[in-house]
Amino acid sequence: MAQNFAHGNYSHTQKKARNSGGGRTPSDRARRTLSQNLLADTHAIDLMIEAARPHGLVLEPGAGEGALTAALATMAGVEVVGYENDPLLAAKLRARTGLKIVKGDLTAATPPQEPFAVVGNTPYPITSQIVDWCLRAPAMTSATLLTQLAYAREHSGDLGLWSLVTVESWPWFHWELIGRVGRESFRPAPPADSGILRIERRPEPLIDAGGTWRELVELGFTGVGGSLSASLKTRHQGVDDALARAGVERDTAVGHVHPDQWITIYREIHHDL
């Protein structure tokens, strides 16, 4: 309900509600504190299930009230384990579904040793921590995450730009923006739309040497000299030939270099064919 402050239409009742938390219930205020924007749209849930193609063990960060959890649990051959920081929501969901719901943060858990997938609506402030946890988990097969749209676009290359974390993990993981979900699909609505980000482990790595790959990529992203060429030349020979072979202009900014071009550059510089 709109409040007309200019004309004094601000009643004592409205003022009391504002002073006590804006008329929000304790659950509403808890959701804001924990960055909980609960998924409440069945079509969006269907999109997540379709993108995730779940099977076997599935971990869900931010289970919330369990809309996605319940949908995952109905899939044949799926064993879902939910993680929820809000103790009240965790207890209610555990009692209602009989599923394993862990009160706590997925990123504080030890990853399972058996193959598993991650599927969830990630709280925006800790999206990067969840992604990092997934990438470090040796047995993780895929992560299908509902993230802020800007994050999903930046890390999937949808904007024509590529982030450090995407390039660095590219030999082992493929990143893709699967679809978009409007902010109206959440309760309460977040300030931005969301994207379905799919991170899938490759059957075989594109390269073998992780250490030298990460060193090369991190050097390129330092920005030394103002271009990828200048940055790489601080430590490596044959950079111009490697860039030419990859189809990258010498003055190209590092964010515009496709991860597959990075693979070619790496192989040319390290003669790893």
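Each residue takes its place number in the sequence, starting with 1. Owing to the predicted nature of the structure, the values given are computational and were not obtained by experimental measurement.
Remark: the backbone N or O of Asp105 is paired with a side-chain donor or acceptor of Asn85 at under 3.5 angstrom.
For the residue pair Thr122/Tyr151, the side-chain donor-acceptor check at 3.5 Å is not satisfied. Between the side chains of Arg198 and Thr144, at least one donor N or O lies within less than 3.5 Å of an accepting N or O. Donor-acceptor pairing under 3.5 Å is lacking for the side chains of Ser156 and Trp162. In this structure, a donor-acceptor pair under 3.5 Å is absent between the side chains of Tyr83 and Thr107.
Summarising the local packing, CD of Glu215 is surrounded by more than 12 heavy atoms from other residues, nucleotides or ligands at distances under 6.0 Å.
Nearest heavy atoms, Arg250 versus Leu243: CA-CD1, 4.4 Å. Taking all atoms of both residues into account, the shortest heavy-atom contact from Trp170 to His258 is CZ2-CE1, 4.1 Å.
Geometrically, Arg267 does not engage Trp262 in a cation-pi contact, judged by NZ or CZ lying under 6.0 Å from the ring centre and within 45° of the ring axis.
In this structure, Arg96 does not pair ionically with Glu65, as no charged nitrogen and carboxylate oxygen lie closer than 4.0 Å. Between Asp193 and Arg180, no side-chain nitrogen of the basic residue sits less than 4.0 Å from a carboxylate oxygen of the acidic one, so the salt-bridge criterion is not met. Salt-bridge formation is detected for the pair Lys233/Asp240: a Lys NZ or Arg NE/NH1/NH2 atom is positioned less than 4.0 Å from an Asp or Glu carboxylate oxygen.
Between Trp213 and Trp172, the ring planes are perpendicular. Angles over 60° get that label, and only those under 30° would be called parallel.
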